[in-house]
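Shown next, in structure tokens, is the structure this report addresses.
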Amino acid sequence: TEPQDLPTLDDRLRACLKGERPQFQIDQRIRHRQGHWLWGQWRGRVTERDAHGKALVMMGSFIDVSERTKEREQLQLAASVFTYAREGITITDTHGTIIDVNDTFTRITGYTREEAIGQNPRILKSGRQGPEFYAAMWQSLHTHGHWTGEVWNRRKSGEIYPQWQIVRALTDSKGQVTHYVAVFTDISAIKKSQTDLARLVHHDPLTDLPNRLLFTDRTEQALTSAQRHKTGCALLMIDLDHFK
């Protein structure tokens, strides 16, 4: 037996022997004969006492609960990841009804867990994507079991924001879909950085006026369009002395 588990076992065993509790039950680590450790469950109770209440006979059992303990630990770990993940997580049933969300979902969307459960993810739709967008998403889920992409959604406040989203279908042992899980990240800051960078590239930082790079780009677009449509293209240039 693992030494640090012994005090708990001894306390519960003594309490049972003294009659302070009808039986005892405890999970503890046991070293197998081959040297590895496993989790076992002790259960026992006093079946016969003398006239003074002293325990004479105790019956009990011991079973290997290693797999059960491992599954419980995995469930606890999964629950912890779900709760504290930095990404928003939505779990729906096969009809698309939300059955659970995590804290980050609330922080990003503004909807509380109570407000979201029982709703359809359509409450987040921004209107920027048409029916064909969602049709392609569902087609990917049905064919491949997952979908990844960028989508614009709407917060409870009405603000529209971009998010990077991964949706995966969960199946049972028979391969039947039981749930859908969506994991998403708010990429508003990334989008803003991209916009700011593009503006810095194409505009003068002092005057915020379009720079030569943007002028060249627009000129090439105009010339290409004129050639394609076989039309004329005019250019007006104003020169200011000593001003570039």
Side-chain angles (χ1 to χ4, degrees), residues 78 81-82 85-203 210 213-214 217-231:
V81 171
F82 176 79
R86 297 179 62 182
E87 296 80 15
I89 302 177
T90 309
I91 303 176
T92 72
D93 59 19
T94 54
H95 300 291
T97 302
I98 298 174
I99 61 176
D100 207 356
V101 297
N102 68 346
D103 293 341
T104 307
F105 171 95
T106 295
R107 180 178 58 79
I108 293 176
T109 68
Y111 287 96
T112 65
R113 182 172 181 271
E114 292 72 22
E115 291 173 328
I117 291 178
Q119 299 290 335
N120 187 284
R122 283 192 296 268
I123 61 173
L124 304 174
K125 287 179 65 173
S126 66
R128 286 199 177 188
Q129 293 91 203
E132 65 283 352
F133 175 87
Y134 295 100
M137 177 191 296
W138 282 107
Q139 180 62 40
S140 177
L141 283 171
H142 292 153
T143 304
H144 307 292
H146 60 85
W147 177 87
T148 303
E150 182 181 308
V151 58
W152 288 82
N153 274 345
R154 186 185 303 273
R155 306 186 205 274
K156 183 180 178 181
S157 63
E159 177 190 358
I160 295 176
Y161 70 99
Q163 68 182 36
W164 185 257
Q165 181 168 283
I166 301 173
V167 185
R168 183 170 294 277
L170 302 183
T171 58
D172 59 18
S173 58
K174 297 180 180 180
Q176 298 296 316
V177 176
T178 59
H179 299 86
Y180 293 103
V181 176
V183 180
F184 62 91
T185 305
D186 184 348
I187 57 173
S188 301
I190 297 176
K191 283 289 186 180
K192 185 177 185 303
S193 296
Q194 291 174 343
T195 301
D196 292 345
L197 180 61
R199 188 160 190 85
L200 285 173
V201 170
H202 294 104
H203 291 76
L213 184 61
L214 185 59
D217 178 70
R218 294 296 187 268
T219 302
E220 291 176 349
Q221 290 183 25
L223 291 172
T224 301
S225 176
Q227 291 173 353
R228 181 184 303 115
H229 297 95
K230 297 181 179 180
T231 60

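Between the side chain of Glu220 and the backbone N or O of Asp217 there is no donor-acceptor pair closer than 3.5 Å. His202 contributes a side-chain N or O that, together with a main-chain N or O of Ala198, makes up a donor-acceptor pair within less than 3.5 Å. Distance alone, capped at 3.5 Å, is enough to place a donor-acceptor pair between the Asn102 side chain and the Glu87 backbone. A donor-acceptor pair is defined here as one N or O able to donate and one able to accept, closer than 3.5 Å; such a pair exists between the side chain of Arg155 and the backbone of Ile108. Looking only at distances, a side-chain donor or acceptor of Ser140 sits under 3.5 Å from a matching main-chain atom of His146. Side chain of Thr106 to main chain of Tyr111: a donor-acceptor pair is present (N/O by atom type, distance under 3.5 Å, no hydrogens or angles). Put simply, the side chain of Ser225 never gets that close to the backbone of Gln221: no donor and acceptor are under 3.5 Å apart.
When all heavy atoms of Val183 and Ile89 are compared, the pair lying nearest together is CG2-CG1, 4.3 Å. Scanning all heavy atoms of the two residues, the minimum distance from Asp100 to Arg113 falls at OD1-NE, 2.8 Å. Annotation for Asp186 and Pro162: closest pair OD1-O, 3.5 Å, computed over non-hydrogen atoms. When every heavy atom of Tyr180 is checked against every heavy atom of Asp93, the shortest pair comes out as CD1-O, 3.7 Å. Across all non-hydrogen atoms, the minimal contact from Phe184 to Gln163 is CD1-OE1, 3.3 Å. Residues Ile160 and Ser126 come closest through the heavy atom pair CG2-CB, 3.9 Å.
Rounded to the nearest 0.5 angstrom, Leu223 CG and Arg218 CZ are separated by 13.5 Å. Lys174 NZ to Thr171 OG1: the interatomic distance, rounded to the nearest 0.5 Å, is 13.0 Å. In this structure, NZ in Lys156 is found 12.0 Å from CG in Leu124, a value given to the nearest 0.5 Å. The CD atom of Gln165 lies 9.5 Å from the OG1 atom of Thr185; values are rounded to the nearest 0.5 Å.
Looking at Ile166 and Trp147, their side chains never come closer than 4.5 Å, going by heavy atoms from C-beta outward. Ile117 places none of its side-chain heavy atoms less than 4.5 Å from the side chain of Ile99. The side-chain heavy atoms of His179 and Arg168, taken from C-beta on, include no pair separated by under 4.5 Å. Looking only at side-chain heavy atoms (C-beta outward), Met137 and Gln129 stay at 4.5 Å or farther from each other. Between Thr90 and Ile98 there is a side-chain heavy-atom pair separated by less than 4.5 Å.
For Lys125 and Tyr134, the positive end sits near the middle of the six-membered ring, less than 6.0 Å away and at most 45° from its axis.
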Exercise. What do the steps show when you test Ile91 against Phe105 for side chain to side chain contact (heavy atoms under 4.5 Å, CB included), and what is the final call?
Worked result: CA-CA 11 Å; Ile91 303 176; Phe105 171 95; over 6 Å; no

For this session: Let me see the working for Trp164 and Val151 under side chain to side chain contact (heavy atoms under 4.5 Å, CB included), right down to the final yes or no.
Result: CA-CA 6 Å; Trp164 185 257; Val151 58; over 6 Å; no

Exercise. Under the side chain to side chain contact (heavy atoms under 4.5 Å, CB included) criterion, do Asn153 and Thr109 qualify, and how do the steps go?
Worked result: CA-CA 9 Å; Asn153 274 345; Thr109 68; over 6 Å; no

Exercise. What do the steps show when you test Val201 against Leu213 for side chain to side chain contact (heavy atoms under 4.5 Å, CB included), and what is the final call?
Worked result: CA-CA 8 Å; Val201 170; Leu213 184 61; 3.3 Å; yes

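Salt bridge annotation for Lys192-Asp196: present, with a cationic side-chain nitrogen under 4.0 angstrom from a carboxylate oxygen.
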